[in-house]
Amino acid sequence: MIGTLHIKNVGIIDDISINLNEGFNVFTGETGAGKTLIIDSLQVLAGGRFSKEIIRHGEKSSFIEMLVYVNNEEYIISREVNISGRNICKINGRLTTVNELKNFMKKVIDIHGQQDNQTILESSSHIKFLDDFIGKNIVEIKKEYQEKYNRYIQIKEELRKNYGDDKEKQRKLDLLQYQLNEIEEANLYEGEEEELDEQIKKLMNFEKIQKNLEESHYKLEEGILTELNTVIRSIEKISDYDKNYEKILEQIQNAYYNLEESERDLYNYKENVYFDEEEKSNIETRIDLIQGLKRKYGNNISEILEYMEDVKKQLNDIENMSEYIERIKKEKQKIEEELEELSNKMHQLRIEFAKKMSEEINEELKDLEMKNAKFSVKIEYREEFNTNGKDNIEFLIQTNIGEIEKPLIKIASGGEMSRIMLGIKKVLADIDEVPILIFDEIDTGISGIAAKKVGIKMKEISKKHQVICVTHLAPIAAKGDYNYFIQKEVKDNKTNTKIEQLDEEGTLKEIARIASGEINEISINHAKELRKEKVA
C-alpha cells in the first residue's frame with residue numbers, strides 16, 4: 001500500500017504530502033482543485049509520460065515521491081522531471097531508467113479512469129484477464145508452453161536464416177550465384193582503380209602533357225646538354241693541373257650522363273603521348289563498372305573481393321547444410337505436436353472458466369444496476385501458434401434485451417464501461433496481485449442506485465487491495481474508510497492545492513455538500529443515512 005505521497009510543483013500543487021491508509025481512500029473536493037493532478041502525479045510516478053506543461057509556473061522542475069509497502073517490504077519511489085525534459089528516477093535511492101520504473105510499478109499500482117478503460121476495450125488484453133481468472137490451473141501449462149514456443153520461434157528463425165525452406169533456399173542460391181558471377185566476370189585486381197584514374201587523367205590532359213614534354217626535351221637536348229658538353233671540354237683542358245679540377249670534372253660528367261639518360265626518357269615519353277577516343281571510352285566504361293560494383297558490394301576493390309570470398313563461403317555452407325536442416329526440421333515437428341497438445345489443454349480450460357467468469361461478471365453487473373446486460377467470452381481456436389497458444393479471446397457485451405452481443409469497444413456509454421470494468425475487477429480481486437487500485441472519476445455518467453452499487457463494489461475490492469478513488473458522487477464518498485477533501489486557496493497571488501484528511505464530522509459535511517450542494521440539517525441527515533449503509 002501507499003503510505004505517504006509527496007508532490008511538489010505539479011500544476012497548482014505547490015508542495016503537499018498525503019498520508020494514505022489501507023482500505024478505501026476517497027478523494028473529493030472542488031472542481032479544478034487538483035484532484036486530477038494527484039492522479040496524474042501517480043501516473044508519472046508509475047512511469048507514465050510527463051508533459052512539461054504541468055510543471056508549476058515559474059518553477060524549473062516537478063518532484064513526486066512516495067513511500068510504498070510491497071509484500072511487507074518498504075520502498076521509496078521518486079521521480080524528478082526538469083523543464084528541459086531530463087528525468088531522474090530512483091527506487092530506494094538507486095538511479096533507474098523510466099522503463100525500469102514502469103516495469104516495477106506495474107506490479108504495484110493499477111490506475112483506472114475514463115481513458116484507462118481503453119485497456120479493457122483492447123481485445124489483445126482479454127486473454128490475460130481470462131488467464132488471470134483461471135489462475136493456478138493454467139499457470140504451469142502456460143509456462144511449459146511458453147518455453148517450447150520460444151524454442152519453436154528460434155527454430156523457425158534458424159530455418160529462415162539457414163534456408164530450411166526449399167523455395168527460400170533456391171532463391172538465396174540464385175542470388176548468391178548471380179553476385180558471384182557478376183564479380184568474377186569483372187576480373188578485378190588490387191590497384192586497378194588507381195591505374196584507371198592515372199590513365200584517364202593522362203588522356204584528359206593530353207595536349208598539356210605533350211606540349212610540356214616537347215618543350216622540356218628540346219631545352220634539355222639543345223640547350224642544357226650542349227652547354228654542359230662545352231663546360232666539360234673546357235675543364236678537361238686544365239684537369240691535369242689540379243686534382244680538384246679532376247674531381248669537379250667527374251661530377252659534371254656524371255650529371256651530364258644522368259641528364260642524357262633523362263633526355264632519352266623524355267624523348268620516348270613524348271613519342272608515346274597520344275589521344276585515343278576509343279581508349280578513353282573503354283576506360284570510362286570500366287570505371288563505371290567498378291563504381292556499380294562498389295555500390296553493391298563494397299567501398300573499394302579490396303572490399304568487393306572480400307565480399308566475393310564471403311559469397312563463395314555462403315554458397316558452400318548452404319549446399320552442405322542439408323543434414324543440419326533435416327535435424328532441426330524434425331525437432332520443429334516434435335515441438336509443434338507438443339505445442340498443439342498444450343494449446344488444446346489451455347483451450348479446454350479457457351472454455352470451462354470463460355463460462356464461470358461470464359456468470360460471475362453478469363452477477364456483478366446485476367448488482368451494478370445492469371440487470372439486462374449479458375457479458376460473454378468469445379473463444380476462437382486458430383491455426384497458428386502465438387504466445388498464448390492458439391486461442392483468440394474477445395469479451396462481448398449485450399447491454400439491452402433484444403440487442404446482439406457486441407465487442408466492448410462498441411459500447412458508447414462511459415458509465416456502462418466503468419461499471420463493466422468494475423465488475424471485472426471485482427471478479428478478479430481475489431487473484432489480482434497488484435496491491436493498489438486507483439479509480440479516477442470512473443463514476444462519470446452514473447447516478448442513483450448505480451452509484452451506490454459502484455461504491456459498494458469498490459468497498460468490497462478494498463478488502464483485498466488498497467483503493468484510492470476520486471469521485472463526485474455522495475453514495476461513493478459515503479463508503480470511504482478514509483475521506484480526503486481537496487481544495488484550492490490563493491496565497492501571495494498564487495493558487496495552491498490543499499488537502500485535508502477529514503474526521504467523521506468533516507466527512508458528513510462533505511457528503512452533504514456533494515449530495516445537495518448545501519450543508520444543512522437535511523443534507524447532513526441524508527449523509528448520515530448514506531454512512532449507515534457503509535459496508536463493514
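A distance-only check finds no donor-acceptor pair linking the side chain of N82 to the backbone of G85 [under 3.5 Å]. Remark: the backbone N or O of I393 is not paired with any side-chain donor or acceptor of D391 at under 3.5 angstrom. No donor-acceptor pair under 3.5 Å is formed between the side chain of T4 and the backbone N or O of N19. The backbone N or O of N21 sits less than 3.5 Å from a side-chain atom of N25, completing a donor-acceptor pair. When atom types are taken as modelled, the side chain of Y152 and the backbone of L339 share no donor-acceptor pair closer than 3.5 angstrom.
Side-chain contact check for E403 and T399: at least one donor-acceptor pair (N or O, by modelled atom type) lies under 3.5 Å. Between the side chains of H6 and D15, a donor-acceptor pair is found at a separation under 3.5 Å. Defined by atom type and a distance below 3.5 Å, a donor-acceptor pair is present between the side-chain atoms of E510 and T28.
Comment: E504 engages R531 in a salt bridge, judged by a side-chain N to carboxylate O separation of less than 4.0 angstrom. Using a 4.0 Å cut-off between a side-chain N of Lys or Arg and a carboxylate O of Asp or Glu, K457 and D367 qualify as a salt bridge.
The ring-ring contact (aromatic ring centres under 6.0 Å, His included) search around F353 returns none, not counting sequence neighbours.
Counting only heavy atoms from C-beta outward, the side chains of Q291 and R295 approach each other to under 4.5 Å. Within the 4.5 Å cutoff, side-chain heavy atoms of R350 are placed close to those of I127.
For F385 and Y149, the ring centers sit 6.0 Å or farther from each other. Y75 has its ring centre less than 6.0 Å from the ring centre of F104.
E331 pairs with exactly one of K148, R151, K156 by the salt bridge (charged side-chain N to carboxylate O under 4.0 Å, His left out) rule, that one being R151.
Atom CD in Q146 sits 11.5 Å away from atom CG in L342 (nearest 0.5 Å).
Between Y381 and H347, the ring planes are tilted. Angles from 30° to 60° get that label.
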